[in-house]
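Step one of this worksheet: look at the structure below.
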Amino acid sequence: MKGFSELFHDLDEMTKTGDRIARMVAYFTEASEEDAGWASWFLAGNRIKGAVRTGELRQWAAQRVSLPLWLLEDSYERVGDLAETLSLLVRGNENAKVMNLSTVVEEGLISLVAADPSEKQLILLGMWNELRPIDLLPFHKLLTGGFRIGVSRGNLCKALAEVGGVDQAVIAQRISGEWDPRSRKFSQIVGKDGPDDAWCRPFPFCLASPLQEKPENLGRVENWWAEWKWDGIRCQFLNEDKGGMLWTRGDESVGESFPELLDVAPHLPIGLALDGEILAWGPDGMRSFSRLQKRLGRKQPSPSILKKEPVRYMAYDLLRMNGKDLRLVPFCKRRQKLEDLLNGLPAGFPLQLSLRVDAESWTELASSREESRDRGVEGLMLKQMNSPYSSGRVKGDWYKWKVDPYMADMVVVGAQLGHGKRANIYSDYTLAVLDTSGELVTVAKAYSGLSDEELREVDRYVRKNITGKYGPVRMVRPGIVFEVAFEGVQSSGRHKSGVALRFPRIQRWRKDKEPKEVDTLENLIGYARMGEPQRGIGPKTDDVGNLLLF
């Protein structure tokens, strides 16, 4: 644990990307294979789930240090980070023997998952007695699932590629999907010979950059492929002799949730990898993302939910065909192969082809983009005709030309202390609009969009205008109005207002407005209606809702 703890603290303090990569290379070069495997697994964003409930963790920590639970809770609220709070209170053992990371994980964290509450408490007490103070913060970060220290997956891949002398894209594929160091050794990740289950590994996703310039600056419109930016779940469809698999960008295998899509696998060639989007799709064509949410997280959905909330897979790229990697083939040629493949499928399959949005000029394409809201899509995707399928975001190859977000003025009615660097500042805000009776109703929470100076100014206002307390949230006298940007509105029975916003964020502070001038709930409900795909306007379908390709 010594080397890993030092790595954690060093990475947490470093600000330069090159320094972080060099530090990881040094660690992986010196660490044992077991410790290097677990370190790479955690740095890749994985976590051990179900080890302990945070409520039990706080209770046992309070008992260990002989503090009332309310005092620990108050300390947590002030510190803003549970792992840091526990590490400061528990203190650890200065004279403890140095443990290996693999031992801490396998005999500590993993053993907690299957233990009953009384066993969990004993295991934790033992770990607290055997860990040094420097080990406590990384240990609690791993325990609570909050292990985030500013290392991107791309930088991790660069470090591992340097350690093993393997291409970065190969590393990215090897650490994708479901795995852990007990089933895949570190030498298989960085070695010349990779794991033998590569057939079921998703490729690193190619990501688009936001279009922040005039599209005319990209050159001739015919050099770009334009298609709709679908509002669904980005997913790769893999098909091998062992069956089909669906992998999301979050490295989750979701085939069990969408069995009707995997039913297509026997009709597809072996050694296939598609990139596309899972969409909610009914008899009238595409449905809103809120309908798709009803399928998320359901393992082995019932026949009734399959019938009520059907889905489609909208394919827009071909990454592998008959086992041959096509990612370096120009997009236009990959696209032609994809069309040839899907045109040979029987009618009625829940596998569709994403169509090109034809235009002879950027002006004409911009006009088509204005239809996005009515179609229920987020805008346009622009893809360089000769672009490869790169790993990660490569500026200049793919762009997302999204429609402008919705805007609404909202007033702050609640605030909560932030976490990490914002631990002692009220930086998470509850926002409200006016209902038909003139009363304020909460519709969103937002915590991004303000400068550090603005955050401090809002914090001072909040502290002087607290009117009540609801758990960690402080009720605030209305006085601060923000212009809030969001991607859409959907009806929600979980919220008193009846609506929920998608991706709300603060656009600017409206110091020129008073709380009585904020937007109304009626306006937001109107946005919700606008966000639904309009019948007869979306992609053309036949009588049973199948997409007409040509």
Side-chain angles (χ1 to χ4, degrees), residues 5 8-9 11-13 42 47-93 104 108-109 112-113 115 117-118 120-150 412-430 442 445-448 450 452 455-456 458-476:
S5 296
F8 171 86
H9 290 287
L11 292 176
D12 195 35
E13 294 175 0
F42 286 118
R47 64 188 182 93
I48 294 172
K49 301 177 182 179
V52 63
R53 295 178 179 176
T54 56
E56 295 174 331
L57 184 57
R58 295 196 295 267
Q59 179 182 351
W60 296 335
Q63 292 174 1
R64 173 180 170 81
V65 296
S66 301
L67 287 178
L69 182 58
W70 68 265
L71 185 54
L72 186 146
E73 298 282 9
D74 191 60
S75 300
Y76 169 36
E77 183 177 320
R78 293 298 175 182
V79 173
D81 184 278
L82 180 58
E84 186 174 356
T85 304
L86 296 175
S87 302
L88 292 170
L89 291 174
V90 172
R91 295 184 181 276
N93 182 356
V104 172
L109 299 177
L112 285 167
V113 177
S118 60
K120 288 178 188 285
Q121 185 175 11
L122 291 175
I123 293 171
L124 271 176
L125 289 175
M127 296 304 297
W128 284 333
N129 289 331
E130 296 175 11
L131 291 173
R132 302 166 304 153
I134 191 177
D135 302 326
L136 288 176
L137 183 56
F139 170 75
H140 287 119
K141 287 287 188 180
L142 298 179
L143 180 63
T144 58
F147 190 78
R148 293 181 294 272
I149 51 178
V412 176
V413 294
Q416 185 174 346
L417 292 171
H419 296 274
K421 294 180 179 179
R422 296 181 174 184
N424 295 310
I425 295 179
Y426 284 100
S427 60
D428 297 9
Y429 310 117
T430 303
T442 58
K445 288 189 175 182
Y447 53 85
S448 65
L450 296 180
D452 291 342
L455 283 171
R456 289 190 291 269
V458 175
D459 179 73
R460 288 193 292 270
Y461 177 88
V462 169
R463 293 179 186 277
K464 294 178 180 178
N465 293 276
I466 293 175
T467 60
K469 177 180 179 181
Y470 186 76
V473 179
R474 299 296 181 264
M475 301 298 104
V476 179

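The structure displayed is predicted, hence computed values, not measured ones.
- With hydrogens and angles ignored, the 3.5 Å screen pairs no side-chain donor or acceptor of Asn465 with any backbone N or O of Val462.
- Here the straight-line distance linking atom CG of Leu88 with atom CG of Leu137 works out to 8.0 Å at 0.5 Å rounding.
- A donor-acceptor contact shorter than 3.5 Å links the side chain of His9 to the backbone of Ile134.
- Atom CH2 in Trp60 sits 8.5 Å away from atom CH2 in Trp128 (nearest 0.5 Å).
- In this structure, a donor-acceptor pair under 3.5 Å is present between the side chains of Asn129 and Arg64.
- Between Lys120 and Glu56 no salt bridge is recorded (no basic side-chain N to carboxylate O distance below 4.0 Å).
- There is a side-chain donor-acceptor pair under 3.5 Å between Gln63 and Gln121.
- Tyr76 contributes atom OH, which lies 13.0 Å from atom CG of Leu89 (distance to the nearest 0.5 angstrom).
- Within the 3.5 Å criterion, the main-chain N or O of Ala83 finds no donor-acceptor partner in the side chain of Thr144.
- In Tyr461, the OH atom is crowded: over 12 heavy atoms of neighbouring residues, nucleotides or ligands sit closer than 6.0 Å.
- With Tyr429 as reference, Leu450 is the one residue of Val473, Val413, Leu450 to meet the side-chain contact (heavy atoms from CB on, under 4.5 Å) rule.
- Residues satisfying the side chain to side chain contact (heavy atoms under 4.5 Å, CB included) test with Asp452, not counting sequence neighbours, are Leu455, Arg456.
- With sequence neighbours excluded, no residue forms a ring pair (Phe, Tyr, Trp, His ring centres under 6.0 Å) with Tyr426.
- Legend: residues meeting side chain to side chain contact (heavy atoms under 4.5 Å, CB included) with Glu130, ordered by chain and number and at least two apart, are Met99.
- In this structure, Arg53 places its CZ atom where only 12 or fewer heavy-atom neighbours from other residues, nucleotides or ligands lie under 6.0 Å away.
- Of the inter-residue distances, the one linking Lys141 atom NZ with Leu82 atom CG reads 9.0 Å to the nearest 0.5 angstrom.
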